Amino acid sequence: MKHLSKLSLFALLLISGFAYVSCSDDDDATPPAELTLYQKLGGFSKVSDPNNPGQMIEQGRLSYRSVVDSTITLIVADIVAGSQGNLGAHFAPIVGEVSGGNTTNVAVLSKNLTDFFSANTGGGATNTYSGLGMVAAHDPAQNPRMGVKANNADYDKFIGYVGAAAGLNGVTDSALIGEVVEVLESLRAPIVQQ
Ligand code: HEM
């Protein structure tokens with residue numbers, strides 16, 4: 001009997017030992033949930049849309065749209081000013097329209113880019129992209145609105161515009177900008193086609 005209870009005690013210690021080990025293993029295996037880029041840029045919480053009085057917009061989407069619109073403005077301004085290395089050959093159709101006061105297609109481009117970034121960085125529950133795939137969108141043979149194919153230098157220039165646009169919109173956290181650049185870099189291969 002005495003022998004049995006010693007055995008039980010040993011078994012109990014063994015079991016609780018396992019339980020302790022497996023508990024501490026669980027703790028190690030469950031790191032704090034990583035926020036998506038969409039969440040880090042404001043996520044799904046709704047705020048008033050500064051461009052459309054009376055309407056609401058998700059903060060994450062608003063962050064992207066603001067950076068997208070500034071990027072387009074910076075690109076067009078450099079083209080109009082004739083700055084060196086501008087992307088005029090690629091964006092010729094847009095610049096022609098905007099200079100003539102027609103902003104219909106630039107608004108579509110802004111929406112498509114905002115949809116694209118929102119849907120692909122964690123906002124997919126409420127944001128859907130329905131434009132062209134990245135290869136087709138940047139191949140003049142498939143998308144006549146792409147003036148000429150982009151090369152690596154054009155792509156670097158484009159990333160520079162996005163960085164400047166992020167700064168203009170108060171996105172200055174270097175870790176966050178690093179994550180955005182990572183997303184942009186992940187798309188270089190399908191977009192650079194010469
Ligand atoms: C990460 C980088 C980029 C992303 C995510 C991106 C994404 C997009 C998207 C979503 C569209 C709209 C497609 C549609 O309407 O169906 C588009 C169109 C276009 N992209 Fe890009 N793009 C990138 C880089 C570039 C670069 C480097 C260039 C040129 C140097 C470029 C030039 C254009 C042009 C000219 C259009 C057509 C604009 C229009 O419809 O008027 N893109 N891009």
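Since the structure is predicted, the reported quantities are computational estimates derived from the model, not experimental observations. Whatever order the structure lists ligands and atoms in, that order sets their numbers, starting from 1.
- Taking all atoms of both residues into account, the shortest heavy-atom contact from Q193 to M134 is NE2-O, 4.1 Å.
- Closest protein heavy atom to atom 5 (C) of ligand 1: F117 CZ, 3.6 Å.
- Here the protein heavy atom with the shortest distance to atom 35 (C) of ligand 1 is H90 O, 3.2 Å.
- Under 4.0 Å from ligand 1, the heavy atoms of H138 that appear belong solely to its side chain.
- At a 3.5 angstrom cut-off on N or O pairs, R145 counts as close to ligand 1.
- Among all protein heavy atoms, the one lying closest to atom 32 (C) of ligand 1 is F91 CZ, 3.2 Å.
- Of the listed options V192, I191, D154, I191 places a heavy atom closest to atom 4 (C) of ligand 1.
- With N169 contributing its side chain and V171 its backbone, the two residues share no donor-acceptor pair below 3.5 Å.
- A donor-acceptor pair is defined here as one N or O able to donate and one able to accept, closer than 3.5 Å; such a pair exists between the side chain of Y38 and the backbone of R61.
- When atom types are taken as modelled, the side chain of E179 and the backbone of L176 share no donor-acceptor pair closer than 3.5 angstrom.
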### Task
Assess whether salt bridge (Lys or Arg N to Asp or Glu O under 4.0 Å) is satisfied between E34 and K40, documenting all intermediate values.
CA-CA 10 Å; E34 171 76 12; K40 288 179 191 170; 2.9 Å; yes
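- Residue-level proximity to ligand 1 for L132 is carried by backbone and side chain together, each with a heavy atom below 4.0 angstrom.
- Not a single heavy atom of E97 sits less than 4.0 Å from an atom of ligand 1.
- Summarising the contacts of atom 18 (C) of ligand 1 with I75, L109, T114, N120, the nearest heavy atom is found in L109.
- Counting atoms of ligand 1 from 1 in the listed order, those under 4.0 Å from a heavy atom of L113 are 6 (C), 7 (C), 8 (C), 9 (C), 10 (C).
- Only the side chain of M134 comes within 4.0 Å of ligand 1, counting heavy atoms alone; its backbone N, CA, C and O stay farther away.
- A donor-acceptor pair under 3.5 Å is formed between the side chain of S63 and the backbone N or O of Q59.
- Residues L109 and N105 are not in side-chain contact: their nearest non-hydrogen atoms beyond the backbone lie 4.5 Å or more apart.
- Residue, atom and distance of the protein heavy atom nearest to atom 2 (C) of ligand 1 are Y155 OH, 3.4 Å.
- Counting heavy atoms from C-beta on, the side chains of N51 and D69 come closer than 4.5 Å.
- Among F158, Y129, F116, the residue whose heavy atom sits closest to atom 13 (C) of ligand 1 is Y129.
- With hydrogens and angles left out, the side-chain atoms of N127 and Y64 include no donor and acceptor closer than 3.5 Å.
- Looking only at protein heavy atoms, the nearest one to atom 36 (C) of ligand 1 is M146 SD, 4.3 Å.
- At least one N or O atom of N112 sits closer than 3.5 Å to an N or O atom of ligand 1.
- Every heavy atom of N105 sits 4.0 Å or more from the atoms of ligand 1.
- Annotation for Y155 and L187: closest pair OH-C, 3.5 Å, computed over non-hydrogen atoms.
- Near I94, meaning under 4.0 Å from one of its heavy atoms, ligand 1 places the atoms 41 (O).
- Heavy-atom contacts of G131 reach the following atoms of ligand 1: 16 (O) (cutoff under 4.0 Å).
- Taking the side chain as every heavy atom from C-beta outward, M146 and H90 approach each other to under 4.5 Å.
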